[in-house]
Amino acid sequence: MKKLIALALALVLCLSAAAALADGVYEGQRVRIVIGSTSVSGDSYMVAETVNQYLKKYLNCDSKVDAVGANEALGTIATAKPDGLTMMIFHDMTYLGVLFEAYDDMYALENMVIGPRVGQNPGSCFGASKDAPYNDLKEAAEWLVANPDETLRVSVEAGGVSQIGFVAYYAWVKDTYGEDVAKRVKVVLGGSTDTKLQQLWDGNTDVIFADYSSLLQYTQEGVDAQLAIKFVGMLDNIPGVEGLPVMGDFGVTMGGEPFYFSKDFLIYLPAGTPDEVLAELDAAIEKVAADPDFQADMTKLTYAGNTLTSAEAKDFIYNKRDTIAQVLGDVPSFDELLGE
């Protein structure tokens, strides 16, 4: 009798395991998605939350976005169980923070599992006062050539996408117009977009780095002349938005290729996460990307619902990081480029 009971229990356990395997990793599970920002209004949260609304549908799980900030998000992924139930969605600061030595080397891409890319924000840009004597950053370089006593002060943040945009522009000016012109392109350290806007309006900088959506209101008709802004350098093309000066379109290059830079949002998972987790995520993201409502929601936010499988995303983000690392090694430090 005891043997029969033992056999029955073993059979139940086997059937339960088989059922769980059939359901997959995520069926009915609670999933935590950490992001590298504490803001619930910026692109990190908006992309992650938009993706999450569709991801939970196709994974059939209860997933929530947790805006914990970069340090805690990275620490969470470094210590979480590799079961797929804790993940991070974050943009290029994931690897840029390590390149700029803001994050420890333990958070290098090699110490995480790369999941699929879930979207892009192509809206990073440079803006200037509407009455600036140039309409784009190429004209700004030509203005410096024609006015050897002038400088171009560019407000950016050290260690991030804005620094990449500045470095690409500086290196291009140096290669195209020479050292005498490039040395008059100066860094002004800024903080939030509001801080950089105030620097511009107060006359303490000539160009600021921000996001398309945050500057758009100041480019509209009827804006007070003292506040009016124009876009002078987009880092990439925004789907459905025409007529903007895109840096790669007017000749700016990085690593020998035209410079187009979108923030790429990927899923990152703890080291040791098994392949079956990635397979489920890839299948779900494929369905998310094919959902016209997801694409429409991303377009409304001026983002792009461009996805990659985990294998494609890994190759892509490693190559992107390595190209940027090489370019950073060929330009002066920010300390050397600071304006007076």
Side-chain angles (χ1 to χ4, degrees), residues 37 39 41-51 54 89-93 96 117-130 132 134-140 154-157 160-166 168-169 172 192-193 196-197 200 207-221 223 228-254 257-266 288-308 313 316-317 320 324:
S37 171
S39 169
S41 59
D43 60 353
S44 292
Y45 181 82
M46 297 304 293
V47 169
E49 183 56 28
T50 302
V51 170
Y54 293 88
I89 295 179
F90 200 28
H91 55 62
D92 297 76
M93 273 305 295
L96 288 177
R117 186 176 73 185
V118 298
Q120 297 177 299
N121 178 6
S124 296
C125 64
F126 291 98
S129 295
K130 189 174 182 179
Y134 37 80
N135 291 312
D136 59 48
L137 289 178
K138 181 178 181 181
E139 289 187 10
V154 185
S155 181
V156 297
E157 299 170 67
V161 174
S162 61
Q163 184 167 344
I164 297 303
F166 178 88
Y169 179 63
W172 173 75
S192 67
T193 298
K196 286 181 281 193
L197 280 167
L200 184 66
V207 175
I208 64 172
F209 183 91
D211 190 82
Y212 171 81
S213 59
S214 65
L215 297 186
L216 184 60
Q217 62 180 312
Y218 301 108
T219 69
Q220 306 298 312
E221 292 294 331
V223 174
I229 287 174
K230 58 187 173 185
F231 296 109
V232 294
M234 305 297 301
L235 269 60
D236 209 342
N237 291 283
I238 299 176
V241 181
E242 304 293 336
L244 296 175
V246 181
M247 293 170 68
D249 290 352
F250 58 70
V252 177
T253 60
M254 175 178 277
E257 298 292 332
F259 177 68
Y260 297 101
F261 188 104
S262 286
K263 288 184 183 178
D264 287 289
F265 288 83
L266 275 64
V288 171
D291 192 317
D293 291 336
F294 168 72
Q295 295 295 343
D297 286 346
M298 292 289 275
T299 299
K300 287 176 188 175
L301 294 167
T302 66
Y303 304 148
N306 298 328
T307 64
L308 293 173
F316 173 84
I317 207 68
K320 190 177 185 183
I324 289 171

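On a predicted model such as this, the values are computed, not experimentally measured, just so you know.
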Side chains of residues 293-300: which donor-acceptor pairs under 3.5 Å do they make with residues two or more places apart or in other chains?
| residue | atom | partner | partner atom | Å |
| --- | --- | --- | --- | --- |
| Gln295 | NE2 | Ala289 | O | 2.9 |
| Gln295 | NE2 | Gly305 | O | 3.0 |
| Asp297 | OD2 | Tyr54 | OH | 2.6 |
| Thr299 | OG1 | Gln295 | O | 2.9 |

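- Interatomic distance, CG of Asn121 versus OG of Ser44, reported as 9.0 Å (0.5 Å rounding).
- Annotation: cation-pi geometry not satisfied between Lys263 and Tyr303 (NZ/CZ under 6.0 angstrom from ring centroid, within 45° of ring axis).
- Closest of all the heavy-atom pairs between Tyr134 and Ala128 is CE1-CB, 4.2 Å.
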Kindly indicate, with the supporting measurements, whether the criterion side-chain contact (heavy atoms from CB on, under 4.5 Å) is fulfilled by Asn306 and Arg117.
CA-CA 8 Å; Asn306 298 328; Arg117 186 176 73 185; 3.6 Å; yes

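- Here Phe316 contributes atom CZ and Asp264 contributes atom CG; the two are 4.0 Å apart, rounded to the nearest 0.5 Å.
- Between the side chain of Thr193 and the main chain of Ala210, no donor-acceptor pair closer than 3.5 Å is present.
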Could you check Val223 against Ile229 for side-chain contact (heavy atoms from CB on, under 4.5 Å), going step by step and ending with a plain yes or no?
CA-CA 9 Å; Val223 174; Ile229 287 174; over 6 Å; no

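- By the side chain to side chain contact (heavy atoms under 4.5 Å, CB included) test, Met93 is found to be paired with Phe90, His91, Leu96, Tyr103, residues two or more places apart in sequence or in another chain being considered.
- Within 6.0 Å of the NZ atom in Lys320, the count of heavy atoms belonging to other residues, nucleotides or ligands exceeds 12.
- In this structure, the separation between OG on Ser124 and CG on Asp43 is 7.0 Å, given to the nearest 0.5 Å.
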Please assess Met254 against Ile164 for the test side-chain contact (heavy atoms from CB on, under 4.5 Å), listing each intermediate value before the final yes or no.
CA-CA 10 Å; Met254 175 178 277; Ile164 297 303; 3.8 Å; yes

Enumerate, atom names and distances included, each donor-acceptor pair closer than 3.5 Å involving a side-chain atom of residues 235-251, sequence neighbours excluded.
| residue | atom | partner | partner atom | Å |
| --- | --- | --- | --- | --- |
| Asp236 | OD2 | Ser262 | OG | 2.7 |
| Asp249 | OD1 | Tyr260 | OH | 2.5 |

